[in-house]
2 protein chains.
Amino acid sequence: MPPRRHRPTLKDLAARLGISESAASFALNGRPGVSEETRRRVLDLAKELQWAPHHAARTLSGITSMTVGFVLTRDVREFGMESFYLRLLTGAQSVLSTRGYGLLFQMTSAVDEELAVLRRWSEERRVEGVIISDLRRGDPRPAYLKELGLPAVLAGGPDPKKLLPCVTVDDAAAMRLIVDHLRATGHRRLAYVSGPADLLHVHRRIAAFRKAAAGSLAEPGVIGTDYGDEQGLAATRWLIEAPVRPDAVVFDNEVLAVAGVRALRSAGLSVPADISVVSCEDSAICTALQPSLTAVQRDPAVFGEAVAAKLLRLIHDEPVPDADAQQPNLAVRESTQQR
Amino acid sequence: MPPRRHRPTLKDLAARLGISESAASFALNGRPGVSEETRRRVLDLAKELQWAPHHAARTLSGITSMTVGFVLTRDVREFGMESFYLRLLTGAQSVLSTRGYGLLFQMTSAVDEELAVLRRWSEERRVEGVIISDLRRGDPRPAYLKELGLPAVLAGGPDPKKLLPCVTVDDAAAMRLIVDHLRATGHRRLAYVSGPADLLHVHRRIAAFRKAAAGSLAEPGVIGTDYGDEQGLAATRWLIEAPVRPDAVVFDNEVLAVAGVRALRSAGLSVPADISVVSCEDSAICTALQPSLTAVQRDPAVFGEAVAAKLLRLIHDEPVPDADAQQPNLAVRESTQQR
DNA sequence: GACGGAAACTAATGCGCTTTAGCGTAGGGA
DNA sequence: TCCCTACGCTAAAGCGCATTAGTTTCCGTC
């Protein structure tokens, strides 16, 4: 590996052209103070020498760091096949990069670790703002970010204390869509295999499910899991061994749904003939499976784009639109059928 | 949102303690030149005021930027459900963060865009090194990185021109594992639904497959796809409509495999009774499906860890071990059965 | 009691850039 | 003719830190 080439500095440019550093700086930044001819010469030379401003130097002299952070606290084992986060990241990143922002990514395994990362990033002035997600009950992050004064957007709010702006999907509406569909197609005993209830969005979904399905609830109506496929299997088995078997099961994401379908099959039940299945999260696997799974659609990439856009507005002190709720859509597929 | 708190600087610390900036700097960086007592006072005050070194200032004064980049050029549509990259990212990130490095992530949609990103990062001195992946035939990146003098590690090599160090999985060995297993279980007409052949690892797999399966090849033996599930469906249909139907099909990843199983089923064929199926990539879905899929196992997170570790060695001019080939393992599951 | 030397600091410089203030020169209006 | 302004540019300061070269004080030593 050759030694990293000595990068030309502004001083080099200026010296080669016999002008001052400031003139070069003006020229390169499109500010007044230099003649058009000088500007051209500077730009040409800069291109020739492959000059680019030193990021740290720029940041130090007051320009922002042009970086946004994204911390994700997640049990690594849970990352089985969920594609949600990568797609979210993809979307956020695409908006950021077109605006010249970089995305600093870090995963942590616990909330206090995440707090430490946020704090370090803030103190080091390494990021202009951050994206956080997966708010839990009593989550310390919104207040902490507020205290740090670090711009932040919550992917998947809302924040109950309204400390942070957020981009959210209307979880209750999504759940109503599902339940309405199931009832309209003749289902009368609905069950829901949810994620961990201390996740706020799960909590909202459970509440919405209970409310919407009132009168048509199976017993048990809701079973919590850790989003892992083993618990998905177990929960489903439990449901079908209940005295009165549900005629439709809603799963919180596609991982659980896949596990559920498997459990149903190995119990000799057919989907959708015996039991209908719905996933609250869509992904390629829902259409690839047989039967394909009825699922709530929301494009995680679009979601990520909205989050990033909102964060940039926040960073630039532009007015931030209040609630950015993506309206969910239900893709009805083969796994639900008229009773 | 309260205004971002004014961050204390070294000067502030020094002033409050009545000492010079340099003394404070010495104390904070654990170098000699200050008494233990002064050091304590500085450290205490720093903690009290939540002082942290300004990242840009540090970088500017010669300390490295403590950042590593990861660019991914990928057709966004292909990100259906592949979890590989998120897991790779997870692994790399975990190693980096324990060493205090940040991970700058960017996705691009074409190779020349990626080159531009790499160049900008290098010129701006924004990253110390980068991770790249998915080398294609005639890929310009290794030479370009060499020219930039930017440390880089290839995730999933080897680089045919040996310009870049890499961490690799022995693709040929993986393919031999598969083929040996299939032959040992009595399969005699093997077919392979691969990814795009201009990806080098796909190319290697195809060659290895052709060689290992010589004498037991179906006709057609290999069909290329774009990794999308539609082409997976089409390729599989084509295979089973061939005059002599294969008795086992190898799919390049789980996305293709899932699509393939679906195609087989809808053609009235049973897996594994009529046709065995193997996936070259494992993920939760392979075990969740029914039948569960026999697949080559390699932990993308471990892979990512190895890549990051290697990059750090490279950055620090430590000797870089030559070939870091992860030995693949074949998880035999329900989708392959004795003929 | 003078001297070498370590210890504990301070002063000053530089990293590469942005920005403000300042300084000639040319042109235009009175 | 003189003044005022606009222009094109230079000089200098500053961002926050690391680091090197000095400076002072104190100690042990012969």
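Quick note on labels: first sequence line is chain A, next is B, and so on, each numbered from 1. A quick note: this is a predicted structure, and the numbers were derived from the prediction, not measured.
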Phosphate oxygens OP1/OP2 of [N]: is one of them under 4.0 Å from a side-chain N or O of [X]?
X        : N       : answer
Ser35(A) : dC9(D)  : yes
Ser61(B) : dT19(D) : no
Ser20(A) : dT10(D) : yes
Arg58(B) : dA18(D) : yes
Ser25(B) : dC17(D) : no
Arg31(B) : dT19(D) : yes

Any idea which of [options] is nearest the [X] side chain?
X        : options                   : answer
Arg7(A)  : dC17(C), dG16(D), dA18(D) : dC17(C)
Val34(B) : dC9(C), dG16(D), dT10(D)  : dC9(C)
Leu60(B) : dG16(D), dA18(D), dC17(C) : dG16(D)
Ile63(B) : dT19(C), dT19(D), dT10(C) : dT19(D)
Ala57(B) : dT10(D), dT10(C), dC17(D) : dC17(D)
Thr9(A)  : dG16(C), dC9(D), dA18(D)  : dG16(C)
Pro53(B) : dC17(D), dT10(D), dT10(C) : dC17(D)

Original post:
Taking atom CG of Leu49(B) and atom CZ of Arg16(B), what is their separation to the nearest 0.5 Å?
Top reply: 5.0 Å
Original post:
Does Asn29(A) or Ile19(B) map to a spot on DNA chain C nearer the 5' end, using the closest nucleotide for each?
Top reply: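 It is Ile19(B) whose nearest nucleotide is closer to the 5' end.
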Original post:
So Thr67(B) and Arg126(A), side-chain hydrogen bond (donor to acceptor under 3.5 Å, both in side chains) or not? Walk me through it.
Top reply: CA-CA 11 Å; Thr67(B) 308; Arg126(A) 194 156 181 182; 2.5 Å; yes
Does the distance from a Lys or Arg side-chain N to an Asp or Glu carboxylate O, for [X] and [Y], drop under 4.0 Å?
X         : Y         : result
Glu123(A) : Arg120(A) : no
Arg40(B)  : Asp44(B)  : yes
Arg136(A) : Asp198(A) : yes

For atom [atom1] of [X] and atom [atom2] of [N], their distance in whole Å:
X         : N       : atom1 : atom2 : result
Glu123(B) : dC17(C) : CD    : C1'   : 16 Å
Leu13(B)  : dA18(D) : CG    : C1'   : 15 Å
Arg126(A) : dC17(D) : CZ    : P     : 15 Å
Glu124(A) : dC17(D) : CD    : P     : 11 Å
Met66(B)  : dC17(D) : CE    : C1'   : 15 Å
Lys11(A)  : dA11(D) : NZ    : C1'   : 14 Å
Glu37(A)  : dC7(D)  : CD    : P     : 18 Å
Glu21(B)  : dG22(D) : CD    : P     : 20 Å

**OP:** Could you label the plane-to-plane angle of the Phe303(B) and Phe84(B) rings as parallel, tilted or perpendicular, counting under 30° as parallel and over 60° as perpendicular?
**Re:** tilted
Original post:
Between the base of dA11(D) and the side chain of Ser22(A), is there any donor-acceptor pair under 3.5 Å?
Top reply: yes
Subject >> Donor + acceptor pair across side chains of Tyr144(A), Asp139(A) (<3.5 Å) >> reply: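 Per modelled atom types, Tyr144(A) and Asp139(A) side chains form no pair under 3.5 Å.
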Could you tell me whether [X] contacts a base, only the sugar-phosphate backbone, or nothing, with contacts defined as non-hydrogen atoms closer than 4.0 Å?
X        : value
Thr38(A) : sugar-phosphate
Ala52(B) : sugar-phosphate
Gly33(B) : base
Leu10(B) : sugar-phosphate

